[in-house]
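To start, the structure itself, in structure tokens.
If you read the sequence from its start, that first residue is 1, and numbering goes on from there.
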Amino acid sequence: MGPKTTFNIWYVVIAIIGVLLLQQWFAQMQQVEQIPYSQFEDLLKAGEIKDIYITQNQIEGEFTKPLPDGRTKFATTRVDPAFAEQLEKYNVRYSGVVQSTFLRDLLSWILPVILFFGLWMFVFRGFADKQGMGGLMSIGKSKAKLYMEKDTKVTFEDVAGVDEAKAELEEVVAFLRDPGTYGRLGARMPKGILLVGPPGCGKTLFARAIAGEAGVPFISTNGAEFVEMFVGVGAARVRDLFETARKSAPCIIFIDELDALGRARGIGPMTGGHDEREMTLNQLLVELDGFDPSQGVVLLAATNRPEILDPALLRAGRFDRQVLVDRPDRKGRVQILNVHMKKVQLGPDVDADKVAALTPGFTGADLANLVNEAALVATRRKADRLEMADFTAAVERIVAGLEKKSRVLSPKEREVVAFHEMGHALVAKALPGGDEVHKVSIIPRGIGALGYTIQRPTEDRFLMTRPELERKMSVLLGGRAAETLIFEELSTGASDDLAKVTDIARAMVTRFGMVESLGQVTYEGEVQPFLGEIAMPWRPRQYSEDTAREIDLAVRKLVDHSFEDAQAILAANRAMLERAARLLLARETLAEDDLQAFQPVLPEGRQTPRARAP
């Protein structure tokens, strides 16, 4: 039922009075004859004027006899008598005209007001835009953007590599298309669905695809858009957002970066119960309790920091379903690459599976960027199609950084870098079960890399054993071992390798329980930075000084054993190391085919890595 219509009698009275006044004015105008001033003087001399009413600029009066059309009154504009007398000599018909100053008077009042108001609005609008307030009347309005179903243009065909998450969300589409059939057994749709995963994995794309598949409006906003400098604005925007959704139902509300809005309450030293962010969160919780999912409104949200969300958001009845959108595996990377490769011209040698093998750990956004970088590389060399070499160059550009050909190294430095990189490569090729060496180069890249060695994993790994971690440490220490063996001195080039080796060894000791002398105990947890909180420079230890000393000794022993293994391998293959380093110095880059000529062997009587307990 629409709003109640009220009736006011005064509107009718005013309308009747206005009509009567207009009618009277029209009737008077019909009885008055406008005549020139010269004719007025002639009529006056002829005695045809009976009564005269003189004003400052006009003369009005009545005729002695009515005109043929029945008019009895006249009106004329006055002319200066001296000037009129002069005009009569020339027998000229003349009349006066009163110059109207109404427009000038009106503008003299209105124009300054308009200019002042416009200047004030311009200054206020600039201030409001800088403060993120928007218009004066839109402070409490939601900044969410409403996309109609025809504007979304994204379907599940555009989302690849995460089949499990896609299957999980397909029932949301089924519910939006036919809510009645879906709920025939009494089931209800979850009120809120939280998409969780690392950045760049396609959470926002998933939400748009759901709207595109279901053919419903898509209301998109960001968690940070609710927080303002004025108290109460965020809560008002939350109310406006859900009100807009109810009017557009069935539809999808999508809140990106939910952690900016829904962070846990009362965790910081300066937070209080009346904080603007907490008021906004409280309003969101109330709206989640208040709306009925059977109306066809589905709330989606995305975050890569689920651990800091308020527990009240994640309870059943609010965001009661979490969908993991994780980094794709090798099969998923192939599917994602196939989606993006449709937009470029490919050569016959391009294989999506080979490209996927070179990109472990890449997200969907990383793979889209990889295809774009490969297209740019092919464009620079003025090619018609993308080749496999373009994708390899793009991987190196993303992983290792931009080539620094202008960075000129001295002959001694180039030699040290060549032996360092070949030390990595030969140790990796000698150890069984390691990743294949794809490329070795001494061309400086990025900020501090003077050379690089790229390994290609044979398969995705989710678990690693102690021998595999020891082999990884030995490969990282192969560069330092080669420098020690050939030059009998150390350089600063292995600083990054040493940091990575130390992290692996400490994780083996304190987190993975891989040292028998310390037992199956975790001494340190995985440190996760807390968004917006003051970083603590230290963490309280849960173990004694004696245990800390044992941990340090165990870490050092693991690193020393890995270094000994790398040294033993390179010492047994020293001639091959020198030959490979000279070839690398001459070519600057060795590809996988070039490295096939070098097959190092393990030292006799020594099995590496050794299964031992420090």
Side-chain angles (χ1 to χ4, degrees), residues 144-145 147 152-176 189-214 216-226 238 241-242 245 250-264 281 284-285 287-288 291 293 296-329 332-333 335-336 339 361-368 528 531:
K145 297 179 181 179
Y147 300 92
T152 306
K153 298 179 182 179
V154 179
T155 63
F156 279 149
E157 295 181 0
D158 301 309
V159 183
V162 277
D163 295 336
E164 294 83 1
K166 186 186 298 186
E168 184 81 5
L169 295 174
E170 281 179 349
E171 63 182 9
V172 178
V173 176
F175 167 75
L176 288 172
M189 195 63 201
K191 282 190 175 182
I193 300 174
L194 183 62
L195 304 178
V196 181
C201 288
K203 299 184 290 295
T204 305
L205 186 66
F206 251 127
R208 295 177 67 88
I210 293 174
E213 288 284 341
V216 297
F218 179 72
I219 304 175
S220 175
T221 187
N222 190 291
E225 292 180 349
F226 293 98
V238 171
L241 172 65
F242 280 85
C251 67
I252 291 176
I253 303 176
F254 177 62
I255 304 177
D256 204 0
E257 305 298 340
L258 183 64
D259 48 87
L261 170 64
R263 210 175 74 186
L281 175 58
L284 177 61
L285 297 176
E287 293 291 343
L288 283 172
F291 86 95
V297 179
V298 174
L299 178 61
L300 292 178
T303 181
N304 48 25
R305 300 292 306 280
E307 71 276 1
I308 68 173
L309 293 179
D310 195 284
L313 268 177
L314 303 179
R315 74 160 175 82
R318 287 175 179 158
F319 282 102
D320 40 14
R321 176 175 296 183
Q322 297 186 21
V323 178
L324 176 63
V325 186
D326 205 354
R327 299 178 186 271
D329 55 12
R333 292 196 298 272
Q335 296 174 356
I336 295 174
V339 170
F362 275 42
T363 64
D366 295 331
L367 294 173
Q528 294 181 346
L531 183 64

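Note that the CZ atom of Phe218 and the CZ atom of Arg208 stand 5.5 Å from one another [nearest 0.5 Å]. A distance of 10.0 Å separates CG of Leu324 from CG of Leu195, quoted to the nearest 0.5 Å. Rounding to the nearest 0.5 Å places CG of Leu367 at 7.5 Å from CZ of Arg333. Ile193 CD1 to Ile210 CD1: the interatomic distance, rounded to the nearest 0.5 Å, is 6.0 Å. Note that CG of Leu313 and CG of Leu281 are 5.0 Å apart. Values are rounded to the nearest 0.5 Å. Taking CD1 of Ile253 as the start and CG of Leu300 as the end, the distance is 9.5 Å to the nearest 0.5 Å.
Pro328 and Ile336 make their closest contact through CG-CD1, 3.7 Å (heavy atoms, listed as atom of the first residue, atom of the second, distance). Shown here for Cys251 and Ile219, the closest heavy-atom pair between the two residues is SG-CD1, 4.1 Å. The minimum heavy-atom distance linking Gly223 with Ala260 is given by the pair C-CB, 4.1 Å. In this structure, Ala165 and Val325 approach most closely via the heavy-atom pair CB-CG2, 4.4 Å.
Between Arg305 and Leu258 the shortest side-chain heavy-atom distance does not fall below 4.5 Å. Within the 4.5 Å cutoff, no side-chain heavy atoms of Ile252 are placed close to those of Leu299. Proximity of Phe206 to Leu169: side-chain heavy atoms (C-beta onward) are separated by under 4.5 Å at one or more points. For the pair Asp326 and Pro198, the minimum side-chain heavy-atom distance is below 4.5 Å.
Scanning for side-chain contact (heavy atoms from CB on, under 4.5 Å) contacts around Ala312 gives Arg265, Leu285, Asp310, Arg318, with sequence neighbours left out. With sequence neighbours left out, the side-chain hydrogen bond (donor to acceptor under 3.5 Å, both in side chains) criterion links Asn222 to no other residue. Under the salt bridge (Lys or Arg N to Asp or Glu O under 4.0 Å) criterion, Asp366 pairs with no residue at all, not counting sequence neighbours. Legend: residues meeting side-chain hydrogen bond (donor to acceptor under 3.5 Å, both in side chains) with Arg327, ordered by chain and number and at least two apart, are absent. When the side-chain contact (heavy atoms from CB on, under 4.5 Å) test is applied to Glu164, no partner is found at least two apart in sequence or on another chain. By the side-chain contact (heavy atoms from CB on, under 4.5 Å) test, Leu205 pairs with Val154, Val159, sequence neighbours left out. With sequence neighbours excluded, the residues that form a side-chain contact (heavy atoms from CB on, under 4.5 Å) with Glu168 are Arg321, Val323. Listed by chain and number, the residues in a side-chain hydrogen bond (donor to acceptor under 3.5 Å, both in side chains) with Glu257 amount to none (sequence neighbours excluded). For Asn304, there are no side-chain hydrogen bond (donor to acceptor under 3.5 Å, both in side chains) partners at least two apart in sequence or on another chain.
Residues in residues 194-207 take part in these side-chain hydrogen bond (donor to acceptor under 3.5 Å, both in side chains) pairs, two or more places apart or across chains: Thr204-Asp256.
Between the side chain of Glu213 and the backbone N or O of Phe156 there is at least one donor-acceptor pair closer than 3.5 Å.
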